[in-house]
Amino acid sequence: MNCPQDWPEPIVRVQSLSEGGLNTIPDRYIKPPMDRPKPTTSLVETDPCSDANIPIIDMEGLYGDDCELRNSIVHQISEASKEWGFFQVVRHGVPPELLDRAREVWRGFFHAPMEIKQAFANSPKTYEGYGSRLGVDKGAILDWSDYYFLHFLPLCLKDFNKWPNHPQNCREVIDEYGRELVKLCGRLMKVLSINLGLEEDYLQNAFGGENIGACLRVNFYPKCPQPDLTLGLSSHSDPGGMTLLLPDQHVYGLQVRKDNKWITVKPAPHAFIVNIGDQIQVLSNAIYKSVEHRVIVNSDKERLSLAFFYNPKGDIPMEPAKELVTADRPALYQPMTFDEYRLFIRLRGPRGKTQVESLKSPR
Ligand code: OGA
Ligand code: NI
């Protein structure tokens, strides 16, 4: 099984549709009624959970001398990863100005003339570059977003020529952003390992040590004339290890599934939203949860987010840590390499949690 060389039908940029000034969206973007977001007015006015939010964790102090504070931070990360699969981190060590610069260069890219963006048009073979769909099913219902996908690691996949060249200096900013986020993920991997009662390097080693993968998907959600009929990104769980999302600083859109409700995330200033991906759910034998999430769009503001994915090396079979498999809690998943898993997802597009569920061991 291989990914096809090209898309099954011509690509339409959602940004072009949006800028065309339509009053209604094409049928291809209309979701079945059960998948549509609740109209936003009722979400604000009648939903008692509308001010619920994912936990916010202050990481300053994780490396300080105050042992009690350190333990409390470690504990908060553990609880959030089990309960929610999602949390926000503030004072995480990545300079706030770098977050602002990264958002700025990507805004500059998406607002560049179409010819500049089209020069980086992607294909389903590698997904690198400027794209407007996930999955290759002809006639599939599409999401209301465009994106840009690129690799930082492994170094053999890092190719500046596949990164945008507009605005000026964007490659340096993107590169620096990637380096900082790799470091932050390394720190979080240690905390997650310790919380499982494992050696601090356990998860990193299980991911392939130095040979991990790291990539970025920048999501651009243009304004949408009928936001109640569509989604910016359909419900999915992230296939990789861990995701650090830099959300738009002004516009909400990310929703996380919790007890069968959709909770709209309210980002704290300069926070990253951290979420556990399918591979850490597998390694932790489902102690940590890879939770479904989706993105809603709105009619008066575009939204930009940077999703950084920290992934295992592609060819190592991922399976529950032996230390976490007991007679009472047998291994919940069969081994699969991340390369195989990702191919499976790239062919089918986002589909809730059905993909990680399908790895479950037959009983
Ligand atoms: C993703 C994702 C959320 C967002 O890219 O996997 O879930 O807010 N993005 O854009
Ligand atoms: Ni996601």
Side-chain angles (χ1 to χ4, degrees), residues 14-15 35 37 53-54 81 84-89 99 102-103 106-107 110 122 127-135 142-152 177-178 181 185 213-224 227 230-258 262-268 271-281 288-298 301-311 338 341-342 345-346 348-356:
V14 176
Q15 190 176 6
D35 293 342
N53 201 2
I54 59 173
S81 307
W84 288 82
F86 264 87
F87 50 95
Q88 308 190 37
V89 290
L99 276 50
R103 281 196 273 238
W106 283 107
R107 236 178 246 294
F110 283 99
N122 76 348
Y127 274 90
E128 288 169 283
Y130 179 46
S132 296
R133 67 182 288 167
L134 300 166
L142 302 178
D143 290 339
W144 192 263
S145 54
D146 300 320
Y147 64 88
Y148 201 103
F149 181 70
L150 59 82
H151 288 282
F152 295 109
Y177 186 79
L181 271 67
C185 284
C215 46
L216 181 69
R217 190 169 75 221
V218 182
N219 300 297
F220 184 75
Y221 305 98
K223 290 182 205 172
C224 178
T230 192
L231 289 170
L233 190 51
S234 295
S235 171
H236 66 284
S237 62
D238 291 349
M242 183 195 322
T243 305
L244 294 186
L245 182 86
L246 180 65
D248 197 289
Q249 69 270 55
H250 303 298
V251 187
Y252 295 170
L254 174 64
Q255 296 188 319
V256 174
R257 194 173 193 138
K258 170 82 167 147
W262 289 104
I263 308 281
T264 302
V265 175
K266 288 92 185 166
F272 284 111
I273 297 166
V274 183
N275 65 291
I276 301 294
D278 295 344
Q279 304 305 314
I280 290 188
Q281 176 171 318
Y288 294 145
K289 309 292 184 313
S290 169
V291 168
E292 261 181 272
H293 51 285
R294 68 180 189 183
V295 175
I296 57 172
V297 289
N298 73 84
K301 290 197 176 84
E302 66 186 37
R303 179 171 179 271
L304 178 86
S305 71
L306 278 61
F308 174 89
F309 303 108
Y310 193 78
N311 297 329
F338 183 56
Y341 189 69
R342 179 145 71 174
I345 285 175
R346 285 183 170 175
R348 297 175 9 131
R351 299 217 178 163
K353 283 216 65 172
T354 53
Q355 342 248 27
V356 69

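Not measured: the values here are computed from a predicted model. Just so you know, residue 1 is the first one in the sequence shown, and it goes up from there. For ligands, and for the atoms within them, numbers begin at 1 and follow the listed sequence.
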Original post:
For atom 8 (O) of ligand 1, which candidate among Arg294, Gln255, Arg303, Glu292 provides the closest heavy atom?
Top reply: Arg303
Subject >> Whether Tyr147 lies under 4.0 Å from ligand 1, heavy atom >> reply: no
Return yes if some donor-acceptor pair links the side-chain N/O of [X] with the main-chain N/O of [Y] below 3.5 Å, else return no.
{"X": "His293", "Y": "Val291", "answer": "yes"}
{"X": "Tyr147", "Y": "Arg133", "answer": "yes"}
{"X": "Trp144", "Y": "Pro222", "answer": "yes"}
{"X": "Asn122", "Y": "Tyr127", "answer": "yes"}

Do [X] and [Y] pair up side chain to side chain, a donor and an acceptor below 3.5 Å, judged on atom types alone?
{"X": "Ser132", "Y": "Asp146", "value": "yes"}
{"X": "Ser145", "Y": "Asn219", "value": "no"}
{"X": "Glu292", "Y": "Ser237", "value": "no"}

Original post:
Looking at Tyr252 versus His250, is the centre-to-centre ring distance below 6.0 Å?
Top reply: no
Subject >> Contact partition for Thr243 relative to ligand 1, non-hydrogen atoms under 4.0 Å >> reply: neither
Original post:
How does Phe220 reach ligand 1, by side chain, by backbone, by both or by neither, if only non-hydrogen atoms under 4.0 Å count?
Top reply: neither
Original post:
Looking at Lys266, Lys301, Arg107, which hits salt bridge (charged side-chain N to carboxylate O under 4.0 Å, His left out) with Asp248?
Top reply: Arg107
Original post:
Any idea which N/O/S atom from Asp238 gets closest to the Ni ion (ligand 2)?
Top reply: OD1
Out of all atoms in ligand 1, which are within 4.0 Å of some heavy atom of [X]? Include the element for each.
{"X": "Leu233", "result": "1 (C), 2 (C), 5 (O), 7 (O), 9 (N)"}
{"X": "Asp238", "result": "6 (O)"}
{"X": "Arg217", "result": "1 (C), 5 (O), 6 (O)"}
{"X": "Leu254", "result": "3 (C), 8 (O)"}
{"X": "Ala307", "result": "5 (O)"}
{"X": "His293", "result": "7 (O)"}

**OP:** Among all protein heavy atoms, pick out the one at the shortest distance from atom 3 (C) of ligand 1; state its residue, atom name and that distance to 0.1 Å.
**Re:** Val295 CG2, 3.6 Å
Subject >> the Ni ion (ligand 2): angle it makes with NE2 (His293) and NE2 (His236), nearest 10 degrees >> reply: 90°
